[in-house]
Undergrad: 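Sharing a structure, written as structure tokens. Questions coming.
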Amino acid sequence: MPELPEVETIVRKYSKLLSGQKIAAFESRWPRQVSPDYNAVKTALPGLQINNLSRRAKFIVMHLSNNSWLLVHLRMSGRFEWLKPGESEPAHVRALWTFESGEQLLFCDARKFGRIIYTSDFAAATAGIGIEPLERSFTAARLGDILHSHSRTIKTMLLDQSLIAGLGNIYTDESLHMAGIHPARRSDGISDEEVLRLHGAIKTVLKEAIRHNGTSFDWIYPDGHMQDNLKVYGRKGEPCRSCGGIIERTVTGQRGTHFCPRCQPLK
DNA sequence: TGGTATGTTCCAAA
DNA sequence: TTTTGGAACATACC
């Protein structure tokens with residue numbers, strides 16, 4: 001389901017609900033999602049308090065009172081639900097936190113791809129993750145260095161979480177369209193001027209998506225409105241809102257890839 | 001029934 | 001050695 005804007009929206013929503021909550025119990029119904037070891041995590045969590053929530057890449061980060069962390073990755077179909085005492089459970093509950101308040105955080109995940117990681121070493125757990133695209137350190141020069149450091153298809157490079165953190169299939173396609181760059185272009189062939197445009201496009205697209213609470217097009221993630229503002233993603237065969245060209249869909253790196261052949265020539 | 005899915009990892013092939 | 005392609009994970013929807 002989620003990319004950076006959707007995770008950011010979830011973190012903002014659940015920050016108020018979770019900050020200060022004391023964990024009474026933790027349970028997983030699909031233990032292989034929990035690492036490093038479900039029984040150890042189940043034993044460690046009761047008694048701890050959630051200090052606050054934040055986001056790193058597509059991870060929801062809970063900072064706990066013993067200075068350890070829980071990282072939750074929603075992958076394709078994960079979502080949070082909030083359950084008050086007496087309310088009935090929704091479908092696909094895979095893990096749940098019960099708080100001393102009696103309220104419960106549910107981790108629902110139809111496809112069971114999500115991950116829950118408990119760690120006392122946040123730096124080590126996130127060591128392989130690339131730069132945050134909305135931070136000041138993500139400059140056009142930095143993006144240029146990343147793109148020119150290898151010769152790869154630009155679309156798959158933007159999706160590589162070890163380089164840039166948080167872009168997924170929707171916002172990669174949207175950013176490339178805004179920058180006028182064909183998704184099959186080689187990363188090391190992107191000109192300095194194009195790097196500048198792409199850098200601006202990534203920041204603009206992500207910020208706009210956050211403003212709209214992310215993108216919603218199925219039952220998994222209901223709270224977003226960015227779907228009304230997408231220019232290419234999911235618009236195969238429809239006219240480009242910029243030039244009137246017909247949006248095409250191809251497959252790169254096993255991901256559907258949407259672009260406007262007129263705004264984004266292959267050269 | 002078959003195709004598709006907002007993600008990531010691993011291994012083989014090029 | 002670097003990059004790409006395919007399968008796997010597991011399930012639901014159209």
Side-chain angles (χ1 to χ4, degrees), chain A residues 1-11 28-35 55-60 71-80 90-95 107-117 125-130 133 146-177 183-189 202 205-206 208-210 212-237 249-258:
Chain A
M1 166 182 71
E3 306 180 28
L4 187 154
E6 290 76 28
V7 176
E8 182 66 30
T9 301
I10 292 165
V11 164
S28 169
R29 297 174 187 170
W30 194 252
R32 74 178 66 172
Q33 295 186 296
V34 181
S35 67
R55 179 190 60 74
R56 174 74 172 104
K58 298 173 190 170
F59 285 97
I60 298 163
L71 309 183
V72 179
H73 201 302
L74 302 171
R75 293 280 180 98
M76 289 291 265
S77 63
R79 60 190 167 90
F80 276 178
H92 313 306
V93 175
R94 307 304 182 195
F107 174 66
C108 306
D109 185 14
R111 293 171 71 178
K112 301 178 182 173
F113 289 169
R115 292 292 179 268
I116 298 170
I117 300 162
T126 58
I129 300 176
I146 292 169
L147 296 181
H148 298 153
S149 67
H150 299 279
S151 181
R152 292 173 57 184
T153 309
I154 186 152
K155 157 109 183 184
T156 53
M157 202 160 187
L158 294 178
L159 286 172
D160 187 334
Q161 299 297 300
S162 72
L163 301 174
I164 301 169
L167 283 175
N169 210 31
I170 298 175
Y171 302 117
T172 297
D173 283 0
E174 293 296 313
S175 298
L176 286 170
H177 176 262
R185 295 268 306 279
R186 302 257 102 205
S187 62
D188 58 350
I202 289 169
V205 163
L206 291 177
E208 189 188 1
I210 290 173
H212 291 282
N213 290 336
T215 299
S216 301
F217 37 59
D218 58 26
W219 81 109
I220 296 170
Y221 181 81
D223 299 325
H225 297 284
M226 185 64 182
Q227 63 276 12
D228 304 326
N229 297 281
L230 298 177
K231 306 294 193 293
V232 285
Y233 187 87
R235 299 193 65 243
K236 175 188 174 185
R249 181 184 183 278
T250 57
V251 175
T252 2
Q254 296 181 298
R255 312 302 300 275
T257 298
H258 313 75

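Nothing here was measured: the structure is a model prediction, and the numbers come from that model. Chain naming here is simple, since letters A, B, ... match the order of the sequence lines and numbering starts at 1 in each. Just so it is clear, the values below take in all heavy atoms, side chains as well, and ignore hydrogens, waters and symmetry mates.
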Undergrad: Using a 4.5 Å cut-off on heavy atoms from C-beta on, say whether the side chain of A/Leu71 contacts that of A/Arg115.
TA: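 Of all side-chain heavy-atom pairs linking A/Leu71 with A/Arg115, none is under 4.5 Å.
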Undergrad: Please determine whether a side-chain nitrogen or oxygen atom of A/Arg255 lies at a distance below 4.0 Å from atom OP1 or OP2 of C/dG5.
TA: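 For C/dG5, neither OP1 nor OP2 has a side-chain N or O of A/Arg255 closer than 4.0 Å.
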Undergrad: Where the side chain of A/Arg79 meets the backbone of A/Cys108, is there a donor-acceptor pair that is under 3.5 Å apart?
TA: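 No; judged by distance alone, with no hydrogens or angles, the pair does not exist.
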Undergrad: Expressed as a whole number of angstroms, how long is the span from A/His148:NE2 to C/dT2:P?
TA: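 So the two atoms are 19 Å apart, to the nearest Å.
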Undergrad: May I have the distance from A/Leu158 (atom CG) to B/dT8 (atom P), rounded to whole angstrom?
TA: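 Taking atom P of B/dT8 as the reference, CG of A/Leu158 is at 14 Å.
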Undergrad: Both A/Gln254 and A/His258 contact DNA chain B. Which one's nearest nucleotide lies toward the 5' end?
TA: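 Checking each residue's closest nucleotide, the 5'-ward one belongs to A/His258.
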Undergrad: Determine whether a donor-acceptor pair (N or O, by modelled atom type, separation under 3.5 Å) exists between the side chain of A/Arg94 and the backbone of A/Ala110.
TA: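 Judged by distance alone, yes, a pair lies under 3.5 Å.
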Undergrad: Determine the contact category for A/Gln161: base if any of its heavy atoms lies under 4.0 Å from a base atom, sugar-phosphate if only primed atoms, P, OP1 or OP2 are that close, otherwise nothing.
TA: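 Sugar-phosphate, no base atom in range.
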Undergrad: With DNA chain C as reference, determine whether A/Phe113 or A/Arg152 sits nearer its 5' end, using the nearest nucleotide of each.
TA: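 Going by which nucleotide is closer to the 5' end, it is A/Arg152.
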Undergrad: Regarding A/Tyr171, tell me which of base, sugar-phosphate or nothing describes its non-hydrogen contacts under 4.0 Å with the strands shown.
TA: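 Answer is nothing: A/Tyr171 stays at 4.0 Å or more from every strand.
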Undergrad: Does any nucleotide pair with B/dG3 by Watson-Crick or G-U wobble geometry, both distances under 3.5 Å, and what is it?
TA: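 Answer to the pairing question: C/dC13, which forms a Watson-Crick or G-U pair with B/dG3.
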Undergrad: Tell me if a side-chain donor or acceptor on A/Glu174 pairs with a main-chain N or O of A/Val232 at a distance below 3.5 Å.
TA: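 Judged by distance alone, yes, a pair lies under 3.5 Å.
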Undergrad: If you measure from the P atom in C/dG6 to the same atom in B/dT4, how many Å do you get, rounded?
TA: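 It works out to 14 Å between them.
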Undergrad: When rounded to the nearest Å, what value does the distance between P atoms of C/dA7 and B/dG3 take?
TA: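 After rounding to an integer number of Å, I get 13 Å for this pair.
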Undergrad: Within less than 4.0 Å of OP1 or OP2 of B/dA5, is there a side-chain N or O belonging to A/Arg249?
TA: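 Answer is yes, contact under 4.0 Å.
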Undergrad: Rounded to whole Å, please give me the gap between CG in A/Asp160 and P in C/dT2.
TA: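 In whole Å, C/dT2 P lies 14 Å from A/Asp160 CG.
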Undergrad: Does A/Lys112 have a side-chain nitrogen or oxygen under 4.0 Å from the phosphate oxygens OP1 or OP2 of C/dT11?
TA: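 Answer yes for this pair, as a side-chain N or O of A/Lys112 is under 4.0 Å from OP1 or OP2.
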Undergrad: A/Thr156 side chain N/O closer than 4.0 Å to the phosphate oxygens (OP1, OP2) of C/dT3?
TA: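 A/Thr156 to C/dT3 OP1/OP2: no side-chain N or O under 4.0 Å.
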Undergrad: Looking at C/dT3, I'd like to know if its phosphate oxygens (OP1 or OP2) sit under 4.0 Å from a side-chain N or O belonging to A/His150.
TA: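 Result: yes.
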Undergrad: If we ignore hydrogens and angles and just use 3.5 Å, is the side chain of A/Arg255 paired with the main-chain N or O of A/Asn169 as donor and acceptor?
TA: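 No, A/Arg255 side chain to A/Asn169 backbone: no donor-acceptor pair under 3.5 Å.
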Undergrad: Checking all strands, does A/Arg111 fall into the base, sugar-phosphate, or nothing category for heavy-atom contacts under 4.0 angstrom?
TA: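 Base: the residue A/Arg111, judged by heavy atoms under 4.0 Å, touches a nucleobase.
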Undergrad: Can you tell me how far P of C/dT3 sits from CZ of A/Arg185, to the nearest Å?
TA: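 Going from A/Arg185 (CZ) to C/dT3 (P), I get 17 Å.
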Undergrad: Taking 4.0 Å as the cut-off, does a side-chain nitrogen or oxygen of A/His92 come that near to OP1 or OP2 on C/dT11?
TA: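 No, no such contact exists.
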